[in-house]
Amino acid sequence: MTVALRMNHLHVPTLKEDPAEAEIASHRLLLRAGLIRKAAAGIYTFLPLGWRSVRKIEQIVREEMDAIGSQEVLLPFVQPAELWQDSGRWDAYGPELARLHDRQGREFCLAPTHEEIITALVRGEVRSYRDLPLSLYQINLKFRDEMRPRFGLLRGREFIMKDAYSFHDSQESLQEHYDDQARAYGRICDRLGLVYRPVEADSGQIGGSVTTEFMALADTGEAALVYCECGWAANVEAAGTVVPRTPGTTEPRPMERVHTPDIRTIAQLAEFLGTPAHDTVKTMAGKTPDGTLIFFCVPGDRELNDVKASRAVPGVELLAEEDFAAYNIPKGSLGPVSPPEGTVVVADVSLRDEVAWGIGANENDYHLVGAMPGRDFEVGLWADLVVAEPGDGCPVCGGTLLGARGIEVSQVFQLGTKYSESLGATFTTEDGAERPFLMGCYGVGITRSLAAVIEQHHDDAGIVWPMSVAPVEVAVVPLAVDDETVWPVAEKLWRELADADVEVIIDDRDERAGVKFADADLVGYPYQVVVGKRGVAAGVIELKNRATGERTEIPIEDLTETLAARVREERARYR
Ligand code: ATP
Ligand code: MG
């Protein structure tokens, strides 16, 4: 179908000023270029051009899913509570899950993800190993009542996701499809023109253990990454790490209790003790579901990684303000020596060779110096607990880690039998046994990807689309719409380009040239065909390449063929 649009017929409300609420480029440009409008916090309307780009992203994702044998379906967005109760996530999901009642008072939720509903579907339909593997996907809305919706489409509450779910009778089969999905995700990033890195990740709410996130690299990304020249890369949430440490004191010394009334921070403590901050130890308290108190000890200059903490102690939660009084411990002066009865000390492995710890004394205004594990206190568990940082050692090769920031555009997971077991989804094996399906799930943030593309592809004047995602490939810009030499030439080129299968829009507005150029750069059509009175008189038009800024004069009669060839060439780069 040809795409020949007229600006006058299209709702493209570009804005001259930067919207005050937009902190980052993609949010600002999506609003300014007239691609989206906000309806409520984290909830957006897609305007005609924005929607065209969304549809292009969806189409790329669709082609890649179809190519690996996943089949498109559409699952319900409103889901019955019972399924979520059965999987245990009705409670576990917390306030991010938006819940509602129907007129009979039955409970439902808005889908934040679709594992439950698809497992229930397959449970009723697929019975035999002969029907496996099975992979289904959809492109649909999700709703997550995010605590901090921000950055426009990057962290919305309502957003579009492609999610695929696969069902298998063996780990090999799951691994094979997981690898297919991961390769497809790499191709999707390439076709969207994204510079990206696959990284090791944490599986969070979804569950499972084998998982990879695809990160579009961007300084504005919310995720911090570490990577090594050996090829290993991880989200710092999940990154194993080797903290480089040289113990400040190598000889044990007696433990001393010191009065430290003015010391509130690790920096102050380090100064008081005359040691570097990394020679102090800070202690954070958590509790397990059965109420056992856990003291996590990490080097003073490092942060405790919540994900690693809950991996070391399943179910642990850091104490809330009111818990400190309940356990009768001083929040600002915790330490592993003489904690309340029954407390388990879990310490970061990097502290293992440290024989003289500077720590809180579990008493306000007092610290202990020279505390030694094994002599003055017991460590119940040594574990990797800290957030990885650039400069740490690579857990694979020992090299030095580098840092980057990224936008998580997609993630693949091996779920194992988590959902098939809790929801009773089984199949019959060749030997007649009943087994729960092995499952995988695979998500691409469609609308987040759109924002990520803009984050990576813009300049001061506006968006610089990769051809594959541009809402329209070419803009014809007649500089004087009522000029009888200019308009007919512009209109003819517009029609010819459309006939040559190029997506084209004509700026038929009666606006000054400056306004048209600014809008064309802002929306970022990859090519602008500028038709002016002087050029037409000389038999040429000016062709501007948005990405390079290059302008060339081309004889009017050659324009369509030349430009159509260039557009085809650039499309091919993203195939
Ligand atoms: P995040 O860690 O950023 O909150 P997530 O890991 O919870 O995301 P997944 O459950 O892995 O997200 O969902 C798959 C994809 O859906 C993500 O990779 C991302 O592209 C997209 N996505 C998730 N949450 C949002 C959101 N709030 N707004 C837009 N896209 C999102
Ligand atoms: Mg994720």
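Counting starts at 1 for both ligands and their atoms, following the listed order.
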Between Asp163 and Lys142, is a salt bridge (Lys or Arg N to Asp or Glu O under 4.0 Å) present by the stated rule, with each step listed?
CA-CA 10 Å; Asp163 42 331; Lys142 296 281 182 279; 2.9 Å; yes
For Leu153, counting its heavy atoms only, list the atoms of ligand 1 lying under 4.0 Å from any of them.
29 (C)
For the Mg ion (ligand 2), give me the closest N/O/S atom belonging to Glu408, just the atom name.
OE2
Out of Met161, Arg144, Arg157, Glu237, the nearest non-hydrogen contact to atom 12 (O) of ligand 1 is supplied by Arg144
When only distance counts, is Thr447 in polar contact with ligand 1, meaning an N/O pair under 3.5 Å?
no
Looking at Phe143, I'd like to know if the NZ or CZ of Arg157 sits under 6.0 Å from its six-membered ring centre while staying within 45 degrees of the ring's axis.
no
Please check whether Arg155 reaches ligand 1 - meaning an N/O of the residue sits under 3.5 Å from an N/O of the ligand, judged on distance alone.
yes
State yes or no: are the ring centers of Tyr93 and Trp84 separated by less than 6.0 Å?
yes
Which atoms from ligand 1 have a heavy atom of Val409 less than 4.0 Å away?
18 (O), 20 (O)
Would Arg183 and Tyr178 satisfy side chain to side chain donor-acceptor pair (under 3.5 Å), going step by step from the backbone distance to the final call?
CA-CA 9 Å; Arg183 278 191 291 269; Tyr178 177 89; over 6 Å; no
Could you tell me, atom by atom, which parts of ligand 1 come under 4.0 Å of a heavy atom of Glu146?
24 (N), 26 (C), 27 (N)
Kindly assign one of parallel, tilted or perpendicular to the pair Phe167 and Phe437, based on the angle between their ring planes and the thresholds 30° and 60°.
perpendicular
Heavy-atom count around Arg571 CZ within 6.0 Å, excluding the residue itself: above 12?
yes
Using a 4.0 Å cutoff against the non-hydrogen atoms of Gln411, which atoms of ligand 1 qualify?
6 (O), 11 (O)
Answer yes or no as to whether an N/O/S atom of Glu213 is found below 2.8 Å from the Mg ion (ligand 2).
no
Any N/O/S atom from Gln411 (main chain or side chain) under 2.8 Å of the Mg ion (ligand 2)?
yes
Sub-3.5 Å N/O-N/O distance, Gly445 and ligand 1:
yes
Can the ring centres of Tyr129 and Phe427 be said to be less than 6.0 Å apart?
no
Distance in Å, Leu49 CG paired with Met7 CE, rounded so as to fall on 0.5 Å steps:
8.0 Å
Would one find an N or O of Phe159, backbone or side chain, under 3.5 Å from an N or O of ligand 1?
no
For Leu154, the ligand 1 atoms with a heavy-atom partner under 4.0 Å come out as 28 (N), 29 (C)
Which atoms of ligand 1 have any heavy atom of Ser410 under 4.0 Å away?
18 (O)
